[in-house]
Amino acid sequence: MDESVERSVAAGVRERRRIRAGDFAGTTAGLAPGNVQANLVVLPKALAHDFLRFAQANPKPCPLLAVSEPGDPHLPSLGADLDIRTDLPRYRVWRRGELVEEPTDLFNVWREDLVSFALGCSFSFEQALLEDGIELRHITCGSNVPMYRTNIRCMPAGRFTGPLVVSMRPLKPRDAIRAIQITSRFPSVHGAPVHIGLPEAIGIADLAKPDYGDSVPVESGELPVFWACGVTPQAVVAAVKPEFCITHAPGSMLITDLPNTRLASL
(Lines give C-alpha, C1' and ligand atoms only; values in the text may rest on other atoms or scores of the structure.)
Protein backbone atom coordinates (compact mmCIF):
# COMPACT_ATOMS: atom_id res chain seq x y z
CA MET A 1 0.00 0.00 0.00
CA ASP A 2 1.55 3.33 -1.04
CA GLU A 3 1.74 6.32 1.26
CA SER A 4 -1.19 8.25 -0.26
CA VAL A 5 -3.50 5.23 0.06
CA GLU A 6 -2.36 4.71 3.66
CA ARG A 7 -3.24 8.34 4.41
CA SER A 8 -6.71 7.90 2.88
CA VAL A 9 -7.38 4.74 4.87
CA ALA A 10 -6.21 6.38 8.10
CA ALA A 11 -8.37 9.46 7.45
CA GLY A 12 -11.43 7.37 6.60
CA VAL A 13 -11.09 5.20 9.69
CA ARG A 14 -10.47 8.24 11.92
CA GLU A 15 -13.56 10.15 10.74
CA ARG A 16 -15.89 7.13 10.73
CA ARG A 17 -14.86 6.21 14.27
CA ARG A 18 -15.44 9.80 15.37
CA ILE A 19 -18.92 9.73 13.82
CA ARG A 20 -19.61 6.25 15.23
CA ALA A 21 -18.75 7.46 18.72
CA GLY A 22 -21.18 10.38 18.41
CA ASP A 23 -18.39 12.98 18.44
CA PHE A 24 -19.41 14.56 15.13
CA ALA A 25 -22.94 15.30 13.87
CA GLY A 26 -22.57 17.97 11.18
CA THR A 27 -22.13 18.06 7.42
CA THR A 28 -19.21 15.99 6.17
CA ALA A 29 -18.18 18.55 3.51
CA GLY A 30 -14.47 19.18 4.00
CA LEU A 31 -13.90 16.15 6.24
CA ALA A 32 -11.08 13.77 5.24
CA PRO A 33 -10.05 15.93 2.25
CA GLY A 34 -9.04 13.68 -0.63
CA ASN A 35 -11.33 10.79 0.39
CA VAL A 36 -14.32 9.62 -1.62
CA GLN A 37 -17.62 10.35 0.13
CA ALA A 38 -20.82 8.48 -0.70
CA ASN A 39 -24.58 8.96 -0.63
CA LEU A 40 -26.58 6.10 0.85
CA VAL A 41 -29.78 4.32 -0.17
CA VAL A 42 -30.94 1.21 1.71
CA LEU A 43 -33.93 -0.76 0.44
CA PRO A 44 -35.60 -4.12 1.02
CA LYS A 45 -34.28 -6.87 -1.24
CA ALA A 46 -37.61 -6.96 -3.10
CA LEU A 47 -36.94 -3.44 -4.43
CA ALA A 48 -33.17 -3.69 -4.84
CA HIS A 49 -33.14 -4.91 -8.44
CA ASP A 50 -35.43 -2.09 -9.60
CA PHE A 51 -33.26 0.49 -7.83
CA LEU A 52 -30.10 -1.00 -9.34
CA ARG A 53 -31.69 -0.58 -12.78
CA PHE A 54 -32.68 2.99 -11.87
CA ALA A 55 -29.10 3.82 -10.86
CA GLN A 56 -27.74 2.30 -14.06
CA ALA A 57 -30.24 4.33 -16.11
CA ASN A 58 -29.35 7.57 -14.26
CA PRO A 59 -25.57 7.55 -13.73
CA LYS A 60 -25.26 11.34 -13.30
CA PRO A 61 -27.33 11.59 -10.09
CA CYS A 62 -26.79 7.95 -9.03
CA PRO A 63 -23.21 6.90 -9.82
CA LEU A 64 -22.94 3.47 -8.23
CA LEU A 65 -19.85 2.81 -6.07
CA ALA A 66 -20.85 -0.36 -4.19
CA VAL A 67 -23.79 -2.64 -3.37
CA SER A 68 -24.07 -4.85 -0.27
CA GLU A 69 -25.35 -8.36 0.15
CA PRO A 70 -28.82 -8.53 1.78
CA GLY A 71 -28.60 -7.91 5.52
CA ASP A 72 -24.87 -7.15 5.42
CA PRO A 73 -24.06 -3.67 6.82
CA HIS A 74 -20.53 -3.73 5.41
CA LEU A 75 -19.09 -2.54 2.10
CA PRO A 76 -15.53 -3.89 2.20
CA SER A 77 -14.58 -2.38 -1.17
CA LEU A 78 -15.07 1.07 0.40
CA GLY A 79 -13.43 0.40 3.76
CA ALA A 80 -12.61 -2.59 5.95
CA ASP A 81 -13.59 -0.72 9.13
CA LEU A 82 -16.98 0.44 7.83
CA ASP A 83 -20.49 -0.18 9.15
CA ILE A 84 -23.49 1.27 7.32
CA ARG A 85 -25.51 1.23 10.58
CA THR A 86 -23.25 3.63 12.49
CA ASP A 87 -20.85 5.52 10.25
CA LEU A 88 -22.96 8.42 8.92
CA PRO A 89 -23.67 11.45 11.13
CA ARG A 90 -27.41 11.27 10.48
CA TYR A 91 -29.81 9.05 8.53
CA ARG A 92 -33.34 9.40 7.22
CA VAL A 93 -35.91 6.63 7.64
CA TRP A 94 -38.83 6.63 5.19
CA ARG A 95 -42.10 4.67 5.36
CA ARG A 96 -44.43 4.78 2.36
CA GLY A 97 -42.67 7.94 1.14
CA GLU A 98 -42.95 9.82 4.44
CA LEU A 99 -39.89 10.85 6.44
CA VAL A 100 -40.53 9.36 9.91
CA GLU A 101 -37.25 9.85 11.77
CA GLU A 102 -33.63 11.01 11.49
CA PRO A 103 -31.60 8.71 13.76
CA THR A 104 -27.84 8.76 14.32
CA ASP A 105 -27.61 4.97 13.97
CA LEU A 106 -29.72 2.23 12.39
CA PHE A 107 -29.71 -0.51 15.01
CA ASN A 108 -33.41 -0.08 15.83
CA VAL A 109 -34.54 -0.29 12.19
CA TRP A 110 -32.01 -2.65 10.63
CA ARG A 111 -33.46 -5.73 8.90
CA GLU A 112 -31.93 -8.86 7.40
CA ASP A 113 -33.47 -8.19 3.97
CA LEU A 114 -31.89 -4.74 3.49
CA VAL A 115 -29.55 -4.00 0.59
CA SER A 116 -27.27 -0.94 0.78
CA PHE A 117 -26.28 1.17 -2.22
CA ALA A 118 -23.37 3.61 -1.98
CA LEU A 119 -23.56 6.34 -4.62
CA GLY A 120 -20.88 8.85 -5.59
CA CYS A 121 -21.08 12.29 -3.97
CA SER A 122 -20.07 15.73 -5.22
CA PHE A 123 -18.19 16.34 -1.96
CA SER A 124 -15.55 14.08 -3.50
CA PHE A 125 -14.72 16.39 -6.41
CA GLU A 126 -14.75 19.49 -4.22
CA GLN A 127 -11.20 18.88 -3.05
CA ALA A 128 -9.99 19.05 -6.65
CA LEU A 129 -11.81 22.38 -7.08
CA LEU A 130 -10.34 23.78 -3.86
CA GLU A 131 -6.85 22.68 -4.85
CA ASP A 132 -7.27 24.66 -8.08
CA GLY A 133 -8.09 27.79 -6.10
CA ILE A 134 -11.86 27.77 -6.72
CA GLU A 135 -13.88 29.05 -3.77
CA LEU A 136 -16.80 26.89 -2.66
CA ARG A 137 -19.26 29.18 -0.96
CA HIS A 138 -20.89 26.62 1.33
CA ILE A 139 -17.48 25.65 2.73
CA THR A 140 -16.58 29.33 3.18
CA CYS A 141 -19.87 29.81 5.03
CA GLY A 142 -19.49 26.59 7.08
CA SER A 143 -22.86 25.36 5.82
CA ASN A 144 -24.35 22.54 3.77
CA VAL A 145 -24.44 22.85 -0.02
CA PRO A 146 -27.83 24.06 -1.36
CA MET A 147 -29.84 21.44 -3.26
CA TYR A 148 -32.97 21.83 -5.39
CA ARG A 149 -35.61 19.64 -7.01
CA THR A 150 -35.82 20.39 -10.73
CA ASN A 151 -38.30 19.90 -13.55
CA ILE A 152 -35.87 17.45 -15.20
CA ARG A 153 -37.21 13.91 -15.01
CA CYS A 154 -34.99 10.92 -14.33
CA MET A 155 -35.19 7.90 -16.60
CA PRO A 156 -37.73 5.52 -14.99
CA ALA A 157 -36.85 1.93 -14.12
CA GLY A 158 -39.25 -0.54 -12.55
CA ARG A 159 -41.05 1.21 -9.71
CA PHE A 160 -38.59 4.09 -9.55
CA THR A 161 -39.21 7.44 -11.22
CA GLY A 162 -39.03 11.07 -10.15
CA PRO A 163 -37.28 14.44 -10.48
CA LEU A 164 -33.57 15.16 -10.72
CA VAL A 165 -32.11 16.97 -7.69
CA VAL A 166 -29.13 19.28 -8.24
CA SER A 167 -26.56 20.87 -5.96
CA MET A 168 -25.52 24.46 -6.64
CA ARG A 169 -22.22 26.30 -6.29
CA PRO A 170 -21.97 29.99 -7.29
CA LEU A 171 -18.86 30.63 -9.38
CA LYS A 172 -17.26 33.41 -11.39
CA PRO A 173 -17.49 32.66 -15.14
CA ARG A 174 -13.79 31.77 -15.42
CA ASP A 175 -14.07 29.45 -12.41
CA ALA A 176 -17.22 27.87 -13.88
CA ILE A 177 -15.29 27.00 -17.05
CA ARG A 178 -12.46 25.53 -15.02
CA ALA A 179 -14.92 23.62 -12.82
CA ILE A 180 -16.39 21.96 -15.90
CA GLN A 181 -12.92 20.82 -16.94
CA ILE A 182 -12.05 19.51 -13.46
CA THR A 183 -15.30 17.74 -12.60
CA SER A 184 -15.52 16.11 -16.02
CA ARG A 185 -12.64 13.95 -14.80
CA PHE A 186 -14.84 12.49 -12.05
CA PRO A 187 -17.80 10.70 -13.70
CA SER A 188 -18.11 8.38 -10.67
CA VAL A 189 -19.01 11.35 -8.47
CA HIS A 190 -21.51 13.15 -10.75
CA GLY A 191 -19.03 14.49 -13.31
CA ALA A 192 -19.57 17.79 -15.12
CA PRO A 193 -22.42 20.20 -14.32
CA VAL A 194 -25.85 19.58 -15.82
CA HIS A 195 -26.84 23.27 -16.01
CA ILE A 196 -25.30 26.75 -15.65
CA GLY A 197 -27.21 29.96 -14.95
CA LEU A 198 -30.96 30.49 -15.52
CA PRO A 199 -32.26 28.44 -12.57
CA GLU A 200 -35.85 29.08 -13.70
CA ALA A 201 -35.13 27.05 -16.86
CA ILE A 202 -34.87 23.91 -14.72
CA GLY A 203 -37.78 24.73 -12.43
CA ILE A 204 -35.97 26.52 -9.59
CA ALA A 205 -38.03 29.56 -8.59
CA ASP A 206 -35.82 30.98 -5.82
CA LEU A 207 -32.16 30.16 -5.17
CA ALA A 208 -32.58 31.51 -1.64
CA LYS A 209 -35.02 28.68 -0.84
CA PRO A 210 -33.29 25.33 -1.46
CA ASP A 211 -35.30 22.15 -1.01
CA TYR A 212 -32.40 20.58 0.90
CA GLY A 213 -29.27 21.98 2.54
CA ASP A 214 -28.63 25.67 3.22
CA SER A 215 -28.94 28.84 1.20
CA VAL A 216 -25.67 30.54 0.22
CA PRO A 217 -25.16 34.03 -1.24
CA VAL A 218 -24.69 34.41 -4.99
CA GLU A 219 -22.62 37.55 -5.54
CA SER A 220 -22.85 39.99 -8.43
CA GLY A 221 -21.04 38.62 -11.47
CA GLU A 222 -21.36 34.99 -10.36
CA LEU A 223 -23.21 32.18 -12.10
CA PRO A 224 -25.13 29.45 -10.28
CA VAL A 225 -23.59 26.16 -11.44
CA PHE A 226 -25.66 23.01 -10.96
CA TRP A 227 -24.46 19.43 -10.61
CA ALA A 228 -26.59 16.27 -10.50
CA CYS A 229 -26.99 15.32 -6.84
CA GLY A 230 -27.15 12.08 -4.90
CA VAL A 231 -30.15 13.39 -2.95
CA THR A 232 -32.16 12.56 -6.09
CA PRO A 233 -33.19 9.14 -4.64
CA GLN A 234 -34.82 10.94 -1.71
CA ALA A 235 -37.06 12.90 -4.09
CA VAL A 236 -37.79 9.64 -5.91
CA VAL A 237 -38.64 7.89 -2.62
CA ALA A 238 -41.07 10.70 -1.77
CA ALA A 239 -42.71 10.27 -5.18
CA VAL A 240 -42.77 6.45 -5.38
CA LYS A 241 -43.54 5.81 -1.68
CA PRO A 242 -41.87 2.41 -1.11
CA GLU A 243 -42.91 0.55 2.03
CA PHE A 244 -39.53 1.17 3.69
CA CYS A 245 -36.30 2.97 2.81
CA ILE A 246 -33.25 4.45 4.54
CA THR A 247 -31.10 7.26 3.12
CA HIS A 248 -28.41 9.59 4.41
CA ALA A 249 -29.57 12.96 5.71
CA PRO A 250 -28.56 15.61 3.15
CA GLY A 251 -24.94 16.59 3.78
CA SER A 252 -24.30 13.62 6.12
CA MET A 253 -22.27 11.31 3.93
CA LEU A 254 -20.40 8.04 4.26
CA ILE A 255 -16.65 8.72 4.29
CA THR A 256 -14.81 5.89 2.56
CA ASP A 257 -11.17 4.86 2.50
CA LEU A 258 -10.87 5.41 -1.26
CA PRO A 259 -8.74 8.34 -2.45
CA ASN A 260 -10.53 10.64 -4.88
CA THR A 261 -7.69 10.14 -7.36
CA ARG A 262 -8.86 6.51 -7.70
CA LEU A 263 -12.04 7.79 -9.40
CA ALA A 264 -10.39 10.31 -11.73
CA SER A 265 -10.70 9.34 -15.37
CA LEU A 266 -7.49 11.17 -16.39
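Relative orientation of the Trp227 and Phe125 rings is tilted, given thresholds of 30° and 60° on the angle between their planes.
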Expected list for residues 38-58: side-chain donor-acceptor pairs under 3.5 angstrom, two or more places apart:
residue : atom : partner : partner atom : Å
Asn39   : OD1  : His248  : NE2          : 3.2
Asn39   : ND2  : Leu119  : O            : 3.4
Asn39   : ND2  : Gly120  : O            : 2.7
Asp50   : OD1  : Arg53   : NH1          : 3.3
Asp50   : OD2  : Arg159  : N            : 3.2
Asn58   : OD1  : Met155  : N            : 2.8
Asn58   : ND2  : Phe54   : O            : 2.9
Asn58   : ND2  : Met155  : O            : 2.8

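The CE atom of Met253 sits 15.0 Å away from the CD atom of Glu15 when rounded to the nearest 0.5 Å.
Checked for salt-bridge contact, Asp87 and Arg20 meet the test: a charged N lies under 4.0 Å from a carboxylate O. Ion pairing between Glu98 and Arg95 fails under the 4.0 Å rule for side-chain N and carboxylate O.
Sorted pairs that involve residues 60-70 and meet side chain to side chain donor-acceptor pair (under 3.5 Å), not counting sequence neighbours, are lacking altogether.
The shortest distance between side-chain heavy atoms of Pro70 and Val115 falls below 4.5 Å. Counting heavy atoms from C-beta on, the side chains of Asp175 and Glu135 never come closer than 4.5 Å. Between Val93 and Pro103, the closest side-chain pair of non-hydrogen atoms falls below 4.5 Å. Using a 4.5 Å heavy-atom threshold, the side chains of Ile202 and Val194 count as separate. You'll find the side chain of Phe226 stays beyond 4.5 Å of the side chain of Pro193, heavy atoms only. Val36 is not listed as a side-chain neighbour of Leu78, based on a closest heavy-atom distance of 4.5 Å or more. At a threshold of 4.5 Å between non-hydrogen side-chain atoms, the residues Cys62 and Pro233 count as touching.
Using a 3.5 Å distance cut-off with no hydrogens or angles, the side chains of Arg149 and Tyr212 do pair a donor with an acceptor.
For Thr27 (side chain) and Asn144 (main-chain N/O), no donor-acceptor pair under 3.5 Å exists by modelled atom type. Asp83 contributes a side-chain N or O that, together with a main-chain N or O of Arg85, makes up a donor-acceptor pair within less than 3.5 Å. Counting only distance, with no hydrogens or angles, the side chain of Glu126 and the backbone of Ala29 share no donor-acceptor pair below 3.5 Å.
For Pro173, the side chain to side chain contact (heavy atoms under 4.5 Å, CB included) test picks out Leu223, with sequence neighbours left out.
Around CG of Asp23, the count of heavy atoms belonging to other residues, nucleotides or ligands within 6.0 Å exceeds 12.
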